[in-house]
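Nothing here was measured: the structure is a model prediction, and the numbers come from that model.
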Amino acid sequence: MDTPPLLTNKRVAALFYEVSELLRIKGEKFKPQAYAKAAHAIETLREDIADVSRQGKLEEIPGVGTHLAAKIEEIITTGRLEYLENLQKELPAGVQELADLEGIGPKKALILNRELGITTRAGLEEAAKAGRIRDLPGFGELSEKNILRSIGAKGKSVRFLLGEVLPVAQDIVEQLAALPQTKQVSLAGSLRRRKETIGDVDILATSPEPAKVMDVFCSLSSVDRVLVRGPTRSSVVLNTGLQADLRVVKEDQFGAALQYFTGSKDHNIALRRLALERNWKLNEYGLSDLSSGKKIAGKSEDEVYRMLGLPFIEPELREDRGEIDAAKSGSLPDSVPYGSVRGDLHVHTSWSDGKESIRAMAEAAQSLGYEYIAICDHAKGPQFSRGLTEEQRARQGKEIEQVNRTVEGIEVLAGVECSIGEDGTLDAGNAALQDLDVVLAGVHSGFRMPGHEMTQRMVAAMQNEYLDIIVHPTGRIIQQREPADLDLAVFFRTAAERHVFLEINGFQNRLDLPDIHCMKAREYAVRFAIGSDAHTRDNLGAMEFGIATARRGWLEAKDIINTLPIRDLRTVLGS
DNA sequence: GCCGTTTTCGGCCCGACTGTTTTCAGTCG
């Protein structure tokens, strides 16, 4: 088949996930798990599944046995899965839609369908209003009310951007930490893992006076209303619409609880399996021996991992993407530390579409402790009417020199952000590029090209000898624009061969390259540059989200060129 | 459907909560 390699892995995984879902609705007990486990393994597989199949090594994938191997072969050769098609025929359409509702699972969805013939949410709403649901087994009057409420609330489960949520949540943590009654307090959940989108904020604390901590939490100025207020757990809705939960646990359980509430769910499941192998049990209260019931660990996360025979695993890695095997074999990445970036390589000023002067940005960067900053305003292409002409670029160069002479403690590099045309050419001439310290280029229009054309466009751009960094490589905007269709294997291989660095753009709605692609690119020995894409001095803080993305992508300081001191940076940039 | 220093058969992560029951199934995180 001539399907692009990564699409095949995705497709196989997607079909298996769907089988898993339908089997779950059918009431199968363990098969859904088996399909979901295999789907996850295939999704995060580094090799192209078609290659694995050609080498006859499908059954070496964890969770894939003879039967699933045969089904994978079927998908690779025919693009279809008959087993799934039969399941789809067997199960009435719409049952899944019902099961997606809050409070309705596969069992109840099937009962509603079998007993009342309901196949849509509208049908369900009508039946609930008519009081026809209360007499079904397992349902009552209250069920009808809850069904109506969850139908009304559909679509409300929005996810927020990491960059929006993190500062707010850190502020809450600081306020709680400042209380004399608080002993320990930490972020948990997807926010602690720095996932790119966040469903709700989880905070964990220990205190001799939980009630006082709960009181303060529920009456914070950022709280809109209190949902639940209990002795050990409270939930509030913040002014932004975001939900936040605080749990207060016993001190000797803090580590186990932090581990548990940090997740991810899949990581926890894998960890508990590991505990079971030793006849131990792991839950939010601690690690304990199954036969004696004796507690083994729980005070700190470090202790929990250590007793399981593992080194500490950074929260950003806890996605069940191979981190537990890597921990076992001592091959976890040495995650790039948050403080290790020495400069920002993607900054705009009022010379193009930024809001502030070169001096203002340089001084702000200097106060963040950076050694250098690259001013990379847009070139004057068709996309950027406010981009710089070559004459303006020369004048900007003079201003950069002057800032370098007068602002102490920071080196300002002269750069540009070019646009990559549909044929792969850059919108600035080589004569202009050769004198610059750093040349960025990215796609700013024409995102929806067919995959092979987009790949060619990128490959062509990377032939330019002055190009240093491809910025926001996939062009995705989180929750707004899908990533461009790119053959990542070709893209990464070319970047590595041409010594072109790939940006990890930290701007809150970009985070591009995304974490999973960083993981993949790493296999090709690609190197990266993290940039904030700042247009104001406050935006410079987005570097933190770029580093978080790099950490989630298993990257180390040596993979990131802007962890280098200025001299070494200039060497790799060839400037 | 997978998998094995407890097992080639009999397990498969764990606990809380809710609403339904009258001891528990279903759902959720």
Side-chain angles (χ1 to χ4, degrees), chain A residues 16 19-20 22-42 58-72 81 83-84 87 98-112 133-147 149-150 157 188-191 193 195 198-202 204 227-228 230-233 235 243 245 247 249 253 256-257 259-291 304 308-309 320 324:
Chain A
F16 278 9
V19 169
S20 167
L22 292 177
L23 287 174
R24 213 166 55 85
I25 289 173
K26 258 187 83 177
E28 289 276 1
K29 199 114 179 71
F30 296 107
K31 277 196 205 178
Q33 259 179 44
Y35 274 92
K37 183 168 187 273
H40 179 77
I42 292 162
L58 283 176
E59 289 184 43
E60 288 178 19
I61 301 171
V64 175
T66 46
H67 292 87
L68 288 187
K71 292 195 166 67
I72 294 170
L81 184 60
Y83 180 57
L84 172 61
L87 280 173
L98 300 183
D100 286 341
L101 283 167
E102 170 93 27
I104 303 288
K107 296 278 172 8
K108 290 192 167 176
L110 212 55
I111 291 173
L112 289 165
I133 289 173
R134 61 187 64 177
D135 297 328
L136 294 175
F139 291 84
E141 270 186 61
L142 201 51
S143 310
E144 289 176 347
K145 257 197 229 160
N146 288 339
I147 283 171
R149 196 185 54 196
S150 60
S157 64
S190 54
L191 196 51
R193 304 198 311 277
K195 212 176 157 202
I198 304 296
D200 57 10
V201 175
D202 288 303
L204 193 68
L227 293 175
V228 185
T232 64
R233 185 189 147 203
S235 290
Q243 189 178 322
D245 296 353
R247 289 178 180 81
V249 300
Q253 298 168 344
Q259 196 290 313
Y260 175 84
F261 288 114
T262 297
S264 67
K265 188 173 169 237
D266 287 338
H267 175 87
N268 287 356
I269 289 173
L271 218 54
R272 275 177 227 146
R273 226 177 252 134
L274 208 61
L276 268 186
E277 283 172 18
R278 302 174 181 219
N279 202 31
W280 293 342
K281 181 176 70 169
L282 177 63
N283 58 27
E284 60 263 53
Y285 303 115
L287 185 64
S288 55
D289 189 294
L290 266 179
S291 32
V304 171
L308 289 169
D320 193 25
I324 290 177

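Residues A/Ile324 and A/Ala270 approach most closely at CD1-CB, 3.4 Å, considering heavy atoms. The minimum heavy-atom distance between A/Lys108 and A/Gly103, with the atom names listed, is CD-O, 4.2 Å.
A heavy-atom distance below 4.5 Å is not found between the side chains of A/Asp245 and A/Phe261. Side-chain contact between A/Tyr83 and A/Leu23: present, with at least one pair of heavy atoms (C-beta onward) separated by less than 4.5 Å. Side-chain contact check for A/Asn283 versus A/Tyr260: every heavy-atom pair is 4.5 Å or farther apart. In this structure, the side chains of A/Lys265 and A/Ile269 come closer than 4.5 Å at one or more pairs of heavy atoms.
Within 4.0 Å (heavy atoms only), A/Lys145 reaches no atom of the nucleic acid at all. Residue A/Glu277 is classed as a sugar-phosphate contact, given heavy-atom separations below 4.0 Å to backbone atoms only. Within the 4.0 angstrom heavy-atom criterion, only backbone atoms of the sugar-phosphate kind lie near A/Pro106; the bases stay farther away. Among the protein residues, A/Leu142 comes within range of the sugar-phosphate backbone only, with heavy atoms under 4.0 Å from sugar or phosphate atoms but none that close to a base. The residue A/Lys31 sits close to a base: some heavy atom pair falls under 4.0 Å. Residue A/Phe261 is out of contact with every strand shown, counting any heavy-atom pair closer than 4.0 Å.
Atom CG of A/Leu287 and atom P of B/dG15 are 12 Å apart (whole Å). Between A/Leu282 atom CG and B/dG15 atom P there is a gap of 10 Å when expressed in whole angstrom units. Rounded to an integer number of Å, the gap from CG of A/Leu110 to P of B/dA25 is 18 Å. Distance CG (A/Leu204) to C1' (B/dG29): 15 Å, rounded to an integer number of Å. Across the protein-nucleic acid pair, A/Arg149 atom CZ and B/dT18 atom C1' stand 11 Å apart, rounded to whole Å.
Judged by closest nucleotide on DNA chain B, A/Arg273 is the one of A/Arg273 and A/Ala109 placed further toward the 5' end. Projected onto DNA chain B by closest heavy-atom contact, A/Arg247 and A/Arg278 fall at different nucleotides, the more 5' of which corresponds to A/Arg278.
Using atom P as the reference point in both B/dG11 and B/dA16, the two lie 24 Å apart (nearest Å). One P atom belongs to B/dG19, the other to B/dC12, and the distance between them is 29 Å to the nearest Å. B/dT20 and B/dA25 are spaced 16 Å apart, taking the P atom of each and rounding to whole Å. As rounded to the nearest Å, B/dG10 and B/dT6 have C1' atoms that lie 12 Å from one another. Comparing the same atom, P, in B/dT27 and in B/dT21 gives a spacing of 14 Å after rounding to whole Å. Nucleotides B/dC14 and B/dC9 are separated by 24 Å at their P atoms, to the nearest Å.
Checking B/dT20, B/dG26, B/dC12 against the side-chain heavy atoms of A/Ser143 singles out B/dT20 as nearest. Of the candidates B/dG1, B/dG26, B/dA16, the closest approach to any side-chain atom of A/Glu284 belongs to B/dA16. Side-chain atoms of A/Lys265 lie closest to B/dG29 of the nucleotides B/dG15, B/dC12, B/dG29. The side chain of A/Lys107 lies closest to B/dT27 when the candidates are B/dT27, B/dC14, B/dG1.
Across all strands shown, B/dG26 forms a Watson-Crick or G-U wobble pair, both distances under 3.5 Å, with B/dC17.
At B/dG11, none of the side-chain N or O atoms of A/Lys29 fall inside 4.0 Å of OP1 or OP2 (strictly under the cut-off). Contact between the side-chain N/O atoms of A/Asn146 and the OP1/OP2 oxygens of B/dG19 is found at a separation under 4.0 Å. In terms of phosphate contacts, A/Thr66 brings no side-chain nitrogen or oxygen within less than 4.0 Å of OP1 or OP2 of B/dG1. Close to B/dG15, at under 4.0 Å from its OP1 or OP2, lies a side-chain N or O of A/Lys281. The shortest distance between the side-chain N/O atoms of A/Tyr35 and the OP1/OP2 oxygens of B/dC12 is not below 4.0 Å.
Under 4.0 Å is where a charged nitrogen must lie from a carboxylate oxygen, and between A/Arg247 and A/Asp202 at least one such pair does.
Remark: the A/Tyr83 side chain and the B/dG1 base include no donor-acceptor N/O pair separated by less than 3.5 Å.
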